[in-house]
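Structure first, then comments.
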Amino acid sequence: DVQLQASGGGLVQAGGSLRLSCAVSGLTFGNSAIAWFRQTPGKKREGVSCFSDGNALPYYSDSAKGRFTSSRDNAKNTMFLQMNGLKREDTAVYYCAAGEPMNNNWNPRRYDEYDHWGQGTQVTVSS
C-alpha cells in the first residue's frame, strides 16, 4: 500500500514560518511526481508546489513563489515545504500527494492526476 504521512502544520502568526513534511512509502519515490496542495472550505484544492519527477526543479504557484521552498529527499522518501512570510490567506489544510506519471501529457500541477494523498495538515495563520 502507498502511504503518505504529513506533519508540521500548526498555528502561527502572520509573518512567521512553518515547515511541513510528508513521509512517503510504498512506491518508487525517486521516480514519482510529488506535490503540495491546499484547500479551504468550499473551494477547490489549489496547487502550491510540485516536482514532475525525482530530478526536476520545483514548480511554484504564484501565491507560493518567493515565500515557500519545496524540496525532496529521495534517499529518505520524504518531501518538505518550507513556508516563510506566512499570510492569513495561507490558512488552509495542506495535502501532500504523489503520483507515477504515465506519459508525457501527465500534468503534475493538476490535483486530479494524483492517486495517492496524505491525510492533510492544518495551517492556521493569525493576524
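For the single chain, residues carry numbers from 1 onward in sequence order.
Counting all heavy atoms, side chain and backbone alike, Val2 lies closest to Gly26 at CG2-O, 3.5 Å. Heavy-atom minimum distance, Ile34 versus Ala98: CG2-CB, 4.2 Å. The two atoms that bring Gly99 and Tyr114 nearest to each other are N-CD2, 3.6 Å, heavy atoms only. Summarising the geometry of Gly47 relative to Ser61, their closest heavy-atom pair is O-CB, 3.4 Å, with the distance given to 0.1 Å. The two atoms that bring Ala35 and Cys50 nearest to each other are CB-CB, 3.6 Å, heavy atoms only. Nearest heavy-atom pair across Ala92 and Gln122 is O-NE2, 3.4 Å.
Aromatic rings of Trp117 and Phe37 (six-membered ring for Trp) have centroids within the 6.0 Å cut-off, being under it. In this structure, Tyr59 has its ring center at least 6.0 angstrom away from the ring center of Phe51.
The cationic group of Arg38 does not satisfy the cation-pi geometry with Tyr95, failing either the under 6.0 Å distance to the six-membered ring centre or the 45° limit from the ring axis.
At a threshold of 4.5 Å between non-hydrogen side-chain atoms, the residues Val123 and Leu18 count as touching. Arg67 has its side chain out of reach of Met83: every pair of non-hydrogen atoms, C-beta onward, lies at least 4.5 Å apart. Glu89 places none of its side-chain heavy atoms less than 4.5 Å from the side chain of Ser63. Side chains of Leu20 and Phe80 form no contact here, defined as non-hydrogen atoms less than 4.5 Å apart. You'll find the side chain of Val125 stays beyond 4.5 Å of the side chain of Gln13, heavy atoms only. The shortest side-chain heavy-atom distance between His116 and Glu100 falls under the 4.5 Å cut-off. Tyr111 places a side-chain heavy atom less than 4.5 Å from the side chain of Lys44.
In this structure, CE in Met79 is found 10.0 Å from OG in Ser21, a value given to the nearest 0.5 Å. The SG atom of Cys96 lies 7.0 Å from the CD atom of Gln119; values are rounded to the nearest 0.5 Å. Atom OG in Ser49 sits 10.5 Å away from atom CZ in Arg109 (nearest 0.5 Å). To the nearest 0.5 Å, atom CZ of residue Arg72 and atom CG of residue Asp53 are 7.0 Å apart. Atom OG of Ser17 sits about 3.5 Å away from atom CG of Asn84, to the nearest 0.5 Å. Separation of atoms CG (Leu86) and OG (Ser126) is listed at 10.5 Å; rounding is to 0.5 Å.
In this structure, a donor-acceptor pair under 3.5 Å is absent between the side chains of Asp73 and Thr78.
Within the 3.5 Å criterion, the main-chain N or O of Gly54 finds a donor-acceptor partner in the side chain of Asn74. A side-chain donor-acceptor contact under 3.5 Å links Glu113 to the backbone of Asn107. No donor-acceptor pair closer than 3.5 Å links the side chain of Thr91 to the backbone N or O of Thr124.
More than 12 heavy atoms of other residues, nucleotides or ligands sit less than 6.0 Å from atom CG of Asn103.
Hydrophobic clustering keeps Tyr60 apart from Tyr94 (ILVMFWY residues linked when any side-chain heavy atoms are closer than 4.5 Å, directly or through intermediates).
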- Query: Please walk me through it: do Leu81 and Val48 pass side-chain contact (heavy atoms from CB on, under 4.5 Å)?
  - Reply: CA-CA 9 Å; Leu81 184 67; Val48 176; 4.1 Å; yes
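Every residue meeting the side-chain contact (heavy atoms from CB on, under 4.5 Å) condition with Arg88, not counting sequence neighbours, appears here in chain and number order: Ser127.
A salt bridge is defined here as a Lys NZ or Arg NE, NH1 or NH2 lying under 4.0 Å from an Asp or Glu carboxylate O, and Lys87 with Asp90 fails to meet this definition.
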